[in-house]
Protein chains: 2
Amino acid sequence: MRRHAEFDPQDFLPYLLNQAAEALSLEFQRHYRGQYGMLRTEWRVLFHLGCYGEMTAKEICVRARLHKTKVSRAVAALQTKRFLTRRELERDRRHAVLQLTAKGNRVFADLSRAAHAFDSEVRAAMTHDEAEVLHRCLVRIARFETVQRTG
Amino acid sequence: MRRHAEFDPQDFLPYLLNQAAEALSLEFQRHYRGQYGMLRTEWRVLFHLGCYGEMTAKEICVRARLHKTKVSRAVAALQTKRFLTRRELERDRRHAVLQLTAKGNRVFADLSRAAHAFDSEVRAAMTHDEAEVLHRCLVRIARFETVQRTG
DNA sequence: AACTATTGGTTGTAAATGTAACTAACAAGC
DNA sequence: GCTTGTTAGTTACATTTACAACCAATAGTT
């Protein structure tokens with residue numbers, strides 16, 4: 001049936017990578033979406049604040065490689081959910097340091113635990129060596145030449 | 001600075017996988033979007049038709065793991081671009097076999113070449129063995145238990 | 001101080017996506 | 001033939017995202 005036998009979608013890395021990423025994202029969504037009504041970007045922002053501690057929106061943009069509008073909206077949503085607070089800096093009132101509330105920290109702790117468990121579950125499908133290689137390759141690919149989008 | 005040192009976003013597979021997938025997708029977009037004004041789903045549908053030959057929308061849904069509405073819209077778009085034609089089956093007029101036009105095939109050939117080149121470029125960042133492991137792991141992950149979405 | 005450029009962040013609007021409800025064709029049971 | 005169920009595909013509407021324009025604060029220049 002195949003006409004251009006020289007190229008199977010499964011062998012095209014962007015395609016395969018997307019399939020894999022989507023499979024995992026969709027599965028993990030259940031946790032932050034189902035339990036807390038959060039969107040993916042909100043989860044990412046919370047995740048970063050939880051992992052690294054307080055920081056400005058700009059820092060999140062750079063670290064998480066998210067566009068500032070996405071972060072802006074996610075922060076607003078997390079704020080109305082009372083998961084974080086913003087504190088303006090006097091020395092430069094353009095910046096606002098974001099910080100998880102106690103509630104936000106509890107949610108982070110819960111999701112962090114779920115993430116850990118999920119991660120282990122996925123890793124169980126491969127050997128330790130394979131996981132090492134996978135990680136190394138993904139990091140390399142993630143750093144692959146991309147257009148500016150941290151604006 | 002890190003507070004919960006036990007978990008770095010970079011170590012969370014869904015996250016890392018997403019970063020990697022997005023980096024590649026964004027980069028490859030230039031080809032199908034910039035040159036032909038195609039959306040990602042359109043490119044995927046074209047890709048599948050090009051690789052495997054004519055098939056129905058339903059078959060594309062299953063193979064590409066895309067929801068039927070996405071495929072429906074992509075097919076409509078590709079049709080107005082004159083990249084494919086649809087031929088109803090007499091024996092079951094619910095089905096329509098989709099087939100690339102000559103123009104569609106030329107576009108596929110061009111993008112297929114670009115995809116090949118891009119794939120090689122990415123693979124150049126790793127050894128042959130690494131690429132093998134990566135591929136194997138990704139296929140395994142892509143098949144990971146997911147909710148039904150080929151409906 | 002005034003003038004421009006840059007930066008952090010928000011908002012408006014169009015495009016894209018997800019979900020559910022729908023239509024049309026067929027199939028099975030009666 | 002008529003009802004009920006299923007399947008392929010479309011459409012309508014709500015949610016999400018992308019992109020550009022915008023605002024306010026600061027920095028740099030004169």
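Order of the sequence lines sets the chain letters (A, B, ...), proteins ahead of strands, with each chain counted from 1.
- Side-chain atoms of A/Arg136 never come within 3.5 Å of backbone atoms of B/Glu130 as a donor-acceptor pair (strictly under, hydrogens ignored).
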Report summary line: Letter by letter from the 5' end, nucleotides 18-29 of chain D scores (B base, S sugar-phosphate only, - none; protein heavy atoms under 4.0 Å) BBB----BS---
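- Summarising the geometry, the separation between NE2 on B/His95 and C1' on D/dT7 is reported as 7 Å, rounded to the nearest angstrom.
- In the set D/dT11, C/dT10, C/dT17, the nucleotide with an atom closest to the side chain of B/Thr41 is C/dT17.
- When heavy atoms are screened at a 4.0 angstrom cut-off, B/Arg40 is found touching no nucleic acid atom at all.
- Counting non-hydrogen atoms under 4.0 angstrom, A/Ala96 reaches the backbone sugars and phosphates but no base.
- Side-chain contact between B/Leu100 and B/Val107 is absent, with no heavy-atom pair separated by less than 4.5 Å.
- Looking at A/Asp110 and A/His31, their side chains never bring a donor and an acceptor atom within 3.5 Å of each other.
- Taking the six-membered ring for Trp and thresholds of 30 and 60 degrees, B/His48 and B/Tyr52 have ring planes inclined between 30 and 60 degrees apart.
- The separation between B/Gln79 atom CD and D/dG9 atom P is 12 Å, rounded to whole Å.
- For the residue pair A/Arg73 / A/Thr41, no side-chain donor-acceptor distance below 3.5 Å is found, with atom types taken as modelled.
- A donor-acceptor contact shorter than 3.5 Å links the side chain of B/Arg140 to the backbone of A/Ala125.
- Closest to the side chain of A/Leu39, out of D/dG9, C/dG9, D/dT17, is D/dT17.
- When the side-chain nitrogen and oxygen atoms of A/Ser72 are compared with OP1 and OP2 of C/dG9, none of them lie within a distance under 4.0 Å.
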